[in-house]
Structures are given as C-alpha cells and as structure tokens.
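Being a predicted model, the structure only gives us computed values, none of them experimental. Order of the sequence lines sets the chain letters (A, B, ...), proteins ahead of strands, with each chain counted from 1.
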Number of protein chains: 2
Amino acid sequence: MAARAARMAPALTTDLASADRRESAKSEMRARILATADRLFYHQGIRAVGVDTVADEVGISKRTLYNYFPSKEALVAAYLEGRASALPPSDLPPVEQVLGSFDRLERYFESQGFRGCPFVNAIAELSDAGAEINKIAIDFKEGRRLWYRDLLVRLGVADPDGLATQLRLLIEGAIATALVSRNAKVARSAGEAARALLAGAGVQLPVSAGAAKSKRKR
Amino acid sequence: MAARAARMAPALTTDLASADRRESAKSEMRARILATADRLFYHQGIRAVGVDTVADEVGISKRTLYNYFPSKEALVAAYLEGRASALPPSDLPPVEQVLGSFDRLERYFESQGFRGCPFVNAIAELSDAGAEINKIAIDFKEGRRLWYRDLLVRLGVADPDGLATQLRLLIEGAIATALVSRNAKVARSAGEAARALLAGAGVQLPVSAGAAKSKRKR
DNA sequence: TTAAAACTACACAGGTCTGTGTAATGGCCG
DNA sequence: CGGCCATTACACAGACCTGTGTAGTTTTAA
C-alpha cells in the first residue's frame, strides 16, 4: 500500500509512469499487428493468410502475436471491428453528402487494393463464422444505412428508411459488381440510379458539374 | 477385324451400343459428382470442402473422382459453370419478366440453403482465382445484365444498357445484403427501387395485386 | 471365359494450418 | 544488482489439404 502510494507520485518531468509506458507500448504493438492483419486479410483473404504470415510481416514471433490476440478468430474480429469505423461528421448539405458517397465510389473501386467489401468477403469465406463476426458485419451495414436515413430525414423524404435501404442496395451491388467485373464504371451507374431514386422521392438535386451533356450512362 | 465387324451388329433389342453405354454411365457419374460438389461448395464454401469430402459424399473413392476431374480447380470451375445456366425463355410480357425477377428474390433469400451469390463468394474466397473462374463469373453477370437489356429494349426504354446495369446493381446488392443480414425483406426494397427506376424511365407498370395499400417499404 | 477397363482401399509425400510447450535472451524497473 | 516481463527461436502435436502410387477387386465387353 505504501509502495503503491509512492508509485502514484513519481513526479519526474513529463515521463509517463512505467505502467503507462508499458500500456502504450502494448497498444502500439497491437495497432501494428492489426494494421498488418488488415492488409493481409483484406487483400489475400482471411483463410488464405495464416498467423505465421501475419507475425512474419509484423516482424514478431508467432508466440508474441498470440500474446496479443488469443486466437486467429479474435484477430479476425478485431480486423473487422477496425473496418467498421463510423463515418466522420460533415457540414455539407445532406443531399451533397448522399451524392458524395456515390461519387467517391469510383475512385474507391479504382484504388489499387480494392477487393470488395471486407464484411461480405468474411461472411462468404467463413461459412461457419462465429456470432461475433456476424454481428460486426450486420452492425456495420445497419450503421451505414442509418447514416443515409438521417440525411434523408433532414431532406424531408417521406420514407427515409425505405429509401436508405435502397441506396444501400445500390452501394452493395456496385461493390460486388466492381469486385467481380473489375469495372469501376459501375460506380456511375449506381450514382445515376441514386439520383433517380432521390428525384423520385421529391429531393431537389443540385445541378452537377457539366450536367448538360450527361445523357449517357451504361 | 472380323470380331470387330461382329461387334458392330449385335442387334439385341433396344440396347445401346456398349461404347454409348459407357459414355452414358460416365456422364451420369460426372453429374453425380457435380451435384454433390455444388451442394458442398455452395453451402460450406470452396476452401472449406476438401476433395476427400466430396468423394465420400458421392460414395466413390478419391481416386475415381480424380478420374473425372483432373484437379480441384477443374471441379470448382465445373461447379460454377453449372451455376451459370441461362434463364429459360418466357412468353410473359417484358415488364412482368423484369418485375418477376425481383419478386422471386424474397423466396430465394428465404430458402433454406441460401448463402449469397456463388460467383461473388468464389471470387471472395479464391483471391488468386484462375482466369477461367474469373471469366465464368464475369460472363454470368454480363449474361444476366443482357437479359434485362433485351427486355428493356422491347419496352422501348431510352437507355436500356444503363438501366439494365442499374437493375443488376439492385439484385447484387440485395443478394449481398440478404447474405449478411439474413433479412429476406430487402428483396422488397429492391423490387420497389426497380419499379421506381422503371417508372422514371417511362415504363408503364402493371397494377400490382393489392397495390392500393402498398405505401410502406422498408 | 478371358481380357481390359474401371473402381476400390490404403498409404504416402509434401505441404498447409492453428495453437502450445520450452528454454534462452534481452531490457526495464525498483 | 536482481527480479520480472516480454520476446525470441524452435520444435512439436494434431489436424487438414491436394494429388499420386500401388496393388487388388469388381464390372464390363468380346
């Protein structure tokens, strides 16, 4: 107890207490492992990447990796959790936020490492995925749907839930199609469809840059 | 030579020539293997099912299986080929064929063994899938898109290619969403969105059964 | 009946995987 | 300094995988 009290007041400049430093090092290492696992799992697939490979890429021993994650399944769950980060808030008008989410798709599909939706892939790969992994995937999808829903509410749409679901279907469909056909152009089809659905729901769309000639879709 | 000539004229009732019988037995066995592989690969995943398991389920030895398919990859390719069967022609009006494809989705999602799109799953599972498998998947998706396109042409839609792509996105999105969230109701959202897009393209929609009260989507 | 073809069981090579056991090493902290 | 903790290298168990080799058995066909 006395020793503990003494440890509470080391008072040495800006140094962290040793316990805190250890915590910080641990959390840094955890982040490094997660970053590597994310890269490997997403690009090559979960079943295709063994824990040995992850450890090697991080530059640590497998034993140490198992010191941070009790099993591969836990590592996979953490990987998916990391992919489920919430969208940052934006000051843009709601309609621009919605359309922007579609406009960003094309570059996403064109980006080097694009390999579809990590959650869909995980469910497809792990037919017997644990309940935790399923929950993470469902929560992510629902979170994205609610993000649309809230924006649509602000736009005064009559059925924000239904339209949000439909916009999500377009996103999911575009991701799946881009994965299979490797054609980033489907992003534009999704955007056009989203605009049509929004217009049909009475949302006033902003005049897009160079909209005069955009008749063709494909 | 004389023996061979005699073999050419056995003339016994309706019996097939022996060579034909052998061919037929071979093709039956091939079909049995394929049916079993289809069931196991689709429900449990390609990587999760070994060649031994397929052979055991068919009731043959692994050696025999390798007599019909030179490698697992060939078996997987045949499995996907079998999933890529063309849609049967229909006499229904084009608009009903299009809407029917969406109406059938919900029961498809509810069916016991539903586990998403076999092609998307295969690409997701086999990150290093061979060119053949990729081609099969792409051809399938494009075939489905052209099926819509032809119907839309008959409906006089201005941009049948673009709208066909959009309808496909809704289907793909619904499949992916149903796989993850296990909520067959997304099929209705997809159908509603399809109707909205068709209406927006000037297609006259038939009055659906009990359409008077169908205001709610979600 | 006889010969060839197909199929069987079984073992095996060579590789992968997850997870653990062990003993030695290095660094940090009191 | 002395103890503790993290980490390392390495081996290993036990399981799975794909594909092949072998030798014996059944089926089929002339």
D:dG19 base / B:Lys72 side chain donor-acceptor hit below 3.5 Å:
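No.
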
5'-most contact on DNA chain C: A:Arg47 or A:Pro70, nearest heavy atom basis?
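Whichever sits nearer the 5' end wins; that is A:Arg47.
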
Using the closest heavy atom to pick a nucleotide of DNA chain C for each, name whichever of A:Ala48 or B:Asn67 lands nearer the 5' end.
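Checking each residue's closest nucleotide, the 5'-ward one belongs to B:Asn67.
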
Could you state the [atom1]-[atom2] distance from [X] to [N], rounded to the nearest angstrom?
{"X": "A:Asp52", "N": "C:dT16", "atom1": "CG", "atom2": "P", "result": "10 Å"}
{"X": "A:Lys62", "N": "D:dT8", "atom1": "NZ", "atom2": "C1'", "result": "13 Å"}
{"X": "B:Leu65", "N": "C:dA6", "atom1": "CG", "atom2": "P", "result": "16 Å"}
{"X": "A:Met29", "N": "C:dG27", "atom1": "CE", "atom2": "P", "result": "14 Å"}
{"X": "B:Ile60", "N": "C:dA5", "atom1": "CD1", "atom2": "P", "result": "20 Å"}
{"X": "A:Tyr66", "N": "D:dA6", "atom1": "OH", "atom2": "P", "result": "19 Å"}
{"X": "A:Arg32", "N": "D:dT7", "atom1": "CZ", "atom2": "P", "result": "10 Å"}
{"X": "B:Glu73", "N": "D:dC17", "atom1": "CD", "atom2": "P", "result": "18 Å"}

Between A:Ile46 and A:Leu40, is any pair of side-chain heavy atoms under 4.5 Å apart?
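No - every pair of side-chain heavy atoms lies 4.5 Å or more apart.
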
Short side-chain N/O contact from B:Thr64 to OP1 or OP2 of C:dT8, under 4.0 Å
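Looking at the OP1 and OP2 atoms of C:dT8, one of them is under 4.0 Å from a side-chain N or O of B:Thr64.
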
Are A:Arg83 and A:Tyr42 in a cation-pi setup, meaning NZ or CZ lies under 6.0 angstrom from the ring centre and within 45 degrees of the ring axis?
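Yes; both conditions hold, so A:Arg83 lies above the ring face of A:Tyr42.
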
Which is true for B:Arg63 with a 4.0 Å heavy-atom rule: it touches a base, it touches only sugar-phosphate, or it touches nothing?
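If one applies the 4.0 Å heavy-atom cut-off, B:Arg63 turns out to touch a base.
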
Give A:Tyr68 one of three labels, base, sugar-phosphate or nothing, depending on what nucleic acid heavy atoms sit under 4.0 Å from its own.
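Sugar-phosphate: the residue A:Tyr68, judged by heavy atoms under 4.0 Å, touches backbone atoms but no base.
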
Out of B:Arg145, B:Arg144, B:Lys141, which one pairs with B:Glu172 under the salt bridge (Lys or Arg N to Asp or Glu O under 4.0 Å) rule?
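Looking at B:Arg145, B:Arg144, B:Lys141, the match for B:Glu172 under the salt bridge (Lys or Arg N to Asp or Glu O under 4.0 Å) is B:Lys141.
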
Output yes when a side-chain donor or acceptor of A:Thr64 lies under 3.5 Å from a complementary backbone atom of A:Ile60, and no otherwise.
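It does not hold such a pair.
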
Which of parallel (below 30°), tilted (30 to 60°) and perpendicular (above 60°) describes B:Phe140 and B:Phe119?
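B:Phe140 vs B:Phe119 ring planes: parallel.
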
